[in-house]
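Input: a single structure, listed below in structure tokens.
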Amino acid sequence: MMLTALGLMSGTSLDGVDVALIETDGRQIKAFGPTGYRPYTDSERSLLRQALTEAVHLTQRDARPGILRQAEQAVTSAHAAAVASFMAQTRISAQDIDIVGFHGQTVLHRPERRLTVQIGDALALAKAIHIPVMHDFRAADVEAGGQGAPLVPVYHRALAQSLNREGPIVVVNIGGVSNITYIDGTDTLIACDTGPGNALLDDFMFRQMHQPYDTGGKFAALGKPDEAWIAQALRLPFFSVPPPKSLDRNDFAGLKLGAVAPADGAATLTAFTAAAIARVVPLLPKRPKSWIICGGGASNLTMMRMLRERLAPATVEPAEALGWAADAIEAQAFGFLAARGMKGLPLSYPATTGVPIPMTGGIIARP
């Protein structure tokens with residue numbers, strides 16, 4: 001039975017809430033619906049940055065001390081507003097939607113401690129929008145010993161099935177953290193985080209230029225990457241560990257550039273993201289023939305150029321070139337995952353998160 005699912009995603013880049021409608025049975029995609037976006041305000045983004053700082057001290061996944069409770073309320077309100085705006089613009093009613101997939105905002109991800117924390121009050125959201133909400137997608141995987149991330153690979157596989165091309169194909173999502181899905185036919189599905197996505201660059205741009213990100217990669221295009229710094233950073237143990245593996249947004253925050261011109265710093269951090277993605281190639285079963293880039297990084301032309309240089313002779317193309325809604329893929333994915341969760345289908349596998357057996361997940365909050 002096909003379900004109409006609304007996916008919501010607020011990523012580690014802290015830009016805002018993506019909304020996407022999808023019709024699916026959790027295995028195949030019947031149709032894509034409209035998409036929407038509700039940016040975080042400057043004050044909301046500031047609050048979330050404070051929450052990220054305070055969350056490092058958490059030891060319990062349901063604890064909300066101090067600023068975290070206020071941040072959770074802000075996240076919930078922003079998602080409710082995003083859904084209300086989407087429904088008003090598209091003239092879709094609550095009765096038309098079977099389930100909402102609500103990821104929440106990750107503030108801490110420490111799978112080695114069997115701890116992952118996404119803030120957002122699913123019950124309050126369900127009551128606000130009058131639709132059942134599936135949430136807490138990562139917890140079961142982490143509790144079973146998995147990395148809890150990435151969860152999007154099953155959706156990437158469903159998308160890739162529509163492409164008539166020879167594998168292996170890799171789908172890369174460049175959000176705050178970068179992750180890949182390696183697809184070779186219907187049998188081989190491997191996934192992992194590869195390293196920083198936009199998080200280091202965004203934080204650098206915020207500190208140096210008081211801008212939330214490097215629009216189009218224009219600033220980095222003016223600078224020169226410090227290849228020696230990148231080579232040194234790639235010696236960190238994470239980069240030689242085979243998949244599956246995952247990261248917290250701030251795992252590389254301790255890396256310091258030193259005294260560099262701002263454009264050179266932006267170029268270096270952009271190149272570091274590209275180099276970290278390329279670094280995963282020797283850890284894969286076969287060299288990929290094509291790379292499909294989605295997430296915020298796909299609109300960074302400097303990052304795309306650097307990826308093409310480092311991944312040649314493979315093709316590197318933005319997801320939108322294939323007709324995919326690049327900015328909405330993760331939101332679509334959580335609609336897809338909600339449908340899978342409702343049917344008890346696996347969300348994660350040993351080769352995607354390291355969980356011992358295929359795991360379903362998600363909890364439903366009803367209005």
Side-chain angles (χ1 to χ4, degrees), residues 9-16 18 40 45 48-49 52 103 105-109 118 138 147-153 155-156 170-182 191-207 211-217 219-220 225 230 233-234 236 238-239 243-255 257 265-281 291-308 310-311 316 318-320 326-331 333-334:
M9 183 64 194
S10 173
T12 50
S13 53
L14 308 180
D15 53 350
D18 290 307
Y40 282 134
R45 198 174 289 117
L48 290 174
R49 289 182 186 276
L52 285 169
H103 176 265
Q105 183 71 56
T106 297
V107 293
L108 185 71
H109 186 65
Q118 287 76 41
R138 301 185 189 276
Q147 293 284 313
L151 291 185
V152 180
Y155 182 62
H156 286 162
V170 174
V171 181
V172 186
N173 178 65
I174 306 177
V177 169
S178 290
N179 57 66
I180 61 137
T181 303
Y182 172 95
C192 67
D193 288 347
T194 61
N198 299 314
L200 289 181
L201 176 62
D202 290 351
D203 291 350
F204 178 83
M205 290 296 295
F206 184 74
R207 287 193 308 270
Q211 295 176 15
Y213 50 86
D214 181 13
T215 306
F219 195 63
I230 294 166
L234 289 174
L236 288 168
F238 173 84
F239 295 107
K245 54 184 176 178
S246 69
L247 291 165
D248 182 82
R249 182 190 190 279
N250 291 327
D251 275 347
F252 296 104
L255 290 174
L257 283 171
T268 299
L269 293 174
T270 306
F272 180 35
T273 293
I277 292 168
R279 178 67 181 81
V280 83
V281 172
W291 298 72
I292 300 164
I293 315 300
C294 53
S299 58
N300 184 320
L301 300 183
T302 302
M303 192 174 290
M304 291 295 290
R305 173 177 59 78
M306 291 174 172
L307 283 168
R308 289 189 177 102
R310 292 178 186 268
L311 296 171
V316 177
E320 286 190 340
D327 290 337
I329 282 178
E330 287 222 320
F334 277 91

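Everything quoted here is computed from the prediction, not taken from an experiment.
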Non-hydrogen side-chain atoms of [X] and [Y] separated by less than 4.5 Å:
{"X": "Leu236", "Y": "Leu255", "result": "yes"}
{"X": "Ile329", "Y": "Met9", "result": "no"}
{"X": "Asp18", "Y": "Glu330", "result": "no"}
{"X": "Arg249", "Y": "Thr106", "result": "no"}
{"X": "Ile277", "Y": "Arg310", "result": "no"}
{"X": "Met205", "Y": "Leu201", "result": "yes"}
{"X": "Asn198", "Y": "Asp15", "result": "no"}
{"X": "Arg279", "Y": "Thr194", "result": "no"}

Starting at [atom1] of [X], measure out to [atom2] of [Y] and round the result to the nearest 0.5 Å.
{"X": "Ile174", "Y": "Asn300", "atom1": "CD1", "atom2": "CG", "result": "8.0 Å"}
{"X": "His103", "Y": "Leu151", "atom1": "NE2", "atom2": "CG", "result": "7.0 Å"}
{"X": "Asn173", "Y": "Ile292", "atom1": "CG", "atom2": "CD1", "result": "12.5 Å"}
{"X": "Arg49", "Y": "Asp203", "atom1": "CZ", "atom2": "CG", "result": "5.0 Å"}

Would a distance-only check, ignoring hydrogens and angles, find a side-chain to backbone donor-acceptor pair under 3.5 Å from [X] to [Y]?
{"X": "Asp251", "Y": "Asp248", "value": "yes"}
{"X": "Gln105", "Y": "Gly11", "value": "yes"}
{"X": "Asn179", "Y": "Pro150", "value": "no"}

Provide the closest heavy-atom pair for [X] versus [Y] in the form atom of the first, atom of the second, distance.
{"X": "Gly195", "Y": "Phe239", "answer": "CA-CE2, 4.2 Å"}
{"X": "Ala266", "Y": "Phe219", "answer": "CB-CD2, 3.7 Å"}
{"X": "Met304", "Y": "Gly297", "answer": "CG-O, 4.1 Å"}
{"X": "His109", "Y": "Ser246", "answer": "NE2-OG, 3.1 Å"}
{"X": "Ala149", "Y": "Arg138", "answer": "CB-NH1, 3.4 Å"}
{"X": "Ala275", "Y": "Leu234", "answer": "CB-CD1, 3.9 Å"}

Inset, instruction - Mark yes when over 12 heavy atoms from residues, nucleotides or ligands other than Tyr213 sit less than 6.0 Å from its OH; otherwise mark no. - result: no
Inset, instruction - Over 60° means perpendicular and under 30° means parallel, so classify the ring planes of Phe252 and Phe272, tilted if in between. - result: perpendicular
Legend entry - NZ or CZ of Arg45 within 45° of Phe206 ring axis and under 6.0 Å: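 Relative to the ring axis of Phe206, which defines the angle, Arg45 lies outside at least one limit.
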Inset, instruction - Going by the side-chain contact (heavy atoms from CB on, under 4.5 Å) test, name the single residue among Thr273, Val280, Leu247, Ile293 that passes it with Ser178. - result: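 The option that passes is Thr273.
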Inset, instruction - I would like to know whether Leu52 and Leu14 meet side chain to side chain contact (heavy atoms under 4.5 Å, CB included); could you show each step before the answer? - result: CA-CA 10 Å; Leu52 285 169; Leu14 308 180; 3.7 Å; yes
Inset, instruction - Please check if any side-chain donor atom of Tyr155 sits under 3.5 Å from a side-chain acceptor atom of Thr181, or the reverse. - result: no
Inset, instruction - Under the side chain to side chain contact (heavy atoms under 4.5 Å, CB included) rule, what do Leu269 and Leu257 come out as? Steps first, then yes or no, please. - result: CA-CA 9 Å; Leu269 293 174; Leu257 283 171; 3.9 Å; yes
